[in-house]
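Reminder, nothing fancy here: chain letters follow the sequence lines and each chain counts from 1. Predicted model only: the values in this text are computed from it and were never measured.
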Amino acid sequence: MPVLPKSFYERDTAEVARELLGKVLVHRAREGTTSGKIVETEAYYGKNDPASRASRKRTKLNWLMWECGGLAFVYMVHTHNLFNVTTEREGVPGAVLIRAIEPLEGIEFMLRRRRVSNKFEMTSGPGKLTQAMQITRKHNGIDLTNNRSELIITEGEFEQFKRGSSHRIGVSADLKRKLRFFVLDNPFVSR
DNA sequence: ATCTCGATTGGCT
DNA sequence: GCCAATCGAGATG
């Protein structure tokens, strides 16, 4: 399946978050390939989004949100790595948090890394999927639109599905808009 | 140099 | 449902 081009990401962040559902995140590591269908996302904007890492000034931690679209943006919260994709054109902050995937390839690796037997516990949360797919801060800044990258996002080929939306999870101050998107009735969605 | 906090998770009551 | 774990980095003095 073809890799998503940069133009896919350089649009309104909520639109990208919604359309990322059903696309496929692929990690081609030495140990083996893991991949999964994206089933839950959240959109984060800049200045007037109080929940965003980019709501305040640009720092060593959040600078990637101002870069061009289609780059990996990984940071830690508590003990977990959270994986995001940058959106909007260079200079405009934005990113989409990938909150859950449905495993496709490399399920044996994911089970081992997560130390769980229940497959629904492998990737049904933003910190869970990074552990399962072994995504860490070393992937910060990787170009997800380059077919030679270790980490890429490709088109998917799935039956049509319904999407739902809600307010974002775990944020202390949210906007009025519903900026969380998920595949309806998919068991790998968190909660 | 020290304090504080978080886009989470898992274990225990 | 509640709460501790645990870590980087921004904020403060």
Side-chain angles (χ1 to χ4, degrees), chain A residues 9 12-21 23 25 34 36 38-67 69-88 92-103 109-142 144 151 153 163-183 187-191:
Chain A
Y9 301 99
D12 172 72
T13 305
E15 202 172 310
V16 176
R18 198 183 132 80
E19 301 215 358
L20 233 19
L21 297 177
K23 302 298 190 274
L25 175 62
T34 47
I38 296 171
V39 297
E40 181 181 349
T41 60
E42 279 178 0
Y44 288 87
Y45 288 93
K47 203 156 187 75
N48 36 34
D49 180 355
S52 174
R53 297 266 120 134
S55 63
R56 280 175 261 173
K57 67 180 176 197
R58 193 168 164 154
T59 67
K60 195 175 195 172
L61 183 93
N62 65 14
W63 64 278
L64 272 162
M65 290 189 73
W66 278 264
E67 294 302 304
L71 306 179
F73 168 40
V74 185
Y75 64 90
M76 277 192 113
V77 54
H78 291 272
T79 54
H80 304 276
N81 289 305
L82 271 57
F83 172 71
N84 299 253
V85 190
T86 62
T87 58
E88 313 272 356
V92 181
V96 172
L97 170 67
I98 308 303
R99 286 194 56 92
I101 61 157
E102 175 178 333
F109 296 121
M110 301 196 201
L111 283 172
R112 195 181 315 150
R113 291 168 185 158
R114 292 273 304 134
R115 296 184 184 160
V116 291
S117 50
N118 178 353
K119 65 176 182 172
F120 299 114
E121 282 298 313
M122 280 193 294
T123 56
S124 54
K128 296 177 186 175
L129 92 254
T130 54
Q131 191 188 0
M133 293 189 70
Q134 215 157 61
I135 297 172
T136 66
R137 280 197 321 289
K138 84 167 192 187
H139 298 106
N140 210 25
I142 278 189
L144 299 165
L151 214 50
I153 299 180
R163 294 164 218 251
S165 65
S166 78
H167 285 284
R168 293 175 294 188
I169 291 177
V171 298
S172 40
D174 205 353
L175 296 171
K176 284 182 183 170
R177 296 178 63 185
K178 291 181 177 175
L179 292 173
R180 170 175 174 252
F181 304 93
F182 52 91
V183 174
F188 292 91
V189 170
S190 70
R191 324 218 134 170

Interatomic distance, A/Glu121 atom CD to A/Met110 atom CE [nearest 0.5 angstrom]: 14.5 Å
Short N-O contact, A/Asp174 and A/Arg180, less than 4.0 angstrom: no
Just checking A/Arg114: base, sugar-phosphate only, or nothing, at a heavy-atom cut-off of under 4.0 Å? sugar-phosphate
For the side chain of A/Arg168 and the backbone of A/Ala43, is there at least one donor-acceptor N/O pair under 3.5 Å apart? yes
Would you find more than 12 non-hydrogen atoms of other residues, nucleotides or ligands less than 6.0 Å from A/Arg163 atom CZ? yes
Heavy atoms, side chains only, cut-off 4.5 Å: are A/Thr130 and A/Leu82 in contact? no
Quickly work out the A/Ile98 CD1 to B/dT8 P distance and round it to whole Å. 14 Å
Residue whose closest nucleotide on DNA chain B lies nearer the 5' end, A/Gln131 versus A/Glu42: A/Glu42
Using whole Å, what does the distance between atom P of nucleotide B/dG10 and atom NE2 of A/His80 come to? 6 Å
Pairing donors with acceptors under 3.5 angstrom, does anything connect the side chains of A/Arg113 and A/Gln131? no
Test side-chain hydrogen bond (donor to acceptor under 3.5 Å, both in side chains), reference A/Thr13, set A/Glu42, A/Arg18, A/Glu88, output is A/Glu88
B/dT9 C1' sits how many Å from A/Met122 CE, rounded? 17 Å
Supply the atom-to-atom distance A/Asn62 CG to A/Ser55 OG, rounded to the nearest 0.5 angstrom. 8.5 Å
Please give, in whole Å, the distance from B/dG10 P to A/Asn118 CG? 11 Å
d(CG, A/Leu97; P, B/dT8) in whole Å: 8 Å
With B for base contact, S for sugar-phosphate-only contact and - for none (protein heavy atoms under 4.0 Å), nucleotides 7-13 of chain C reads B-SSS--
Should stems be defined as at least three consecutive Watson-Crick or G-U pairs with both distances under 3.5 angstrom, which of them involve DNA chain B? B:1-6 with C:7-12, B:8-12 with C:1-5
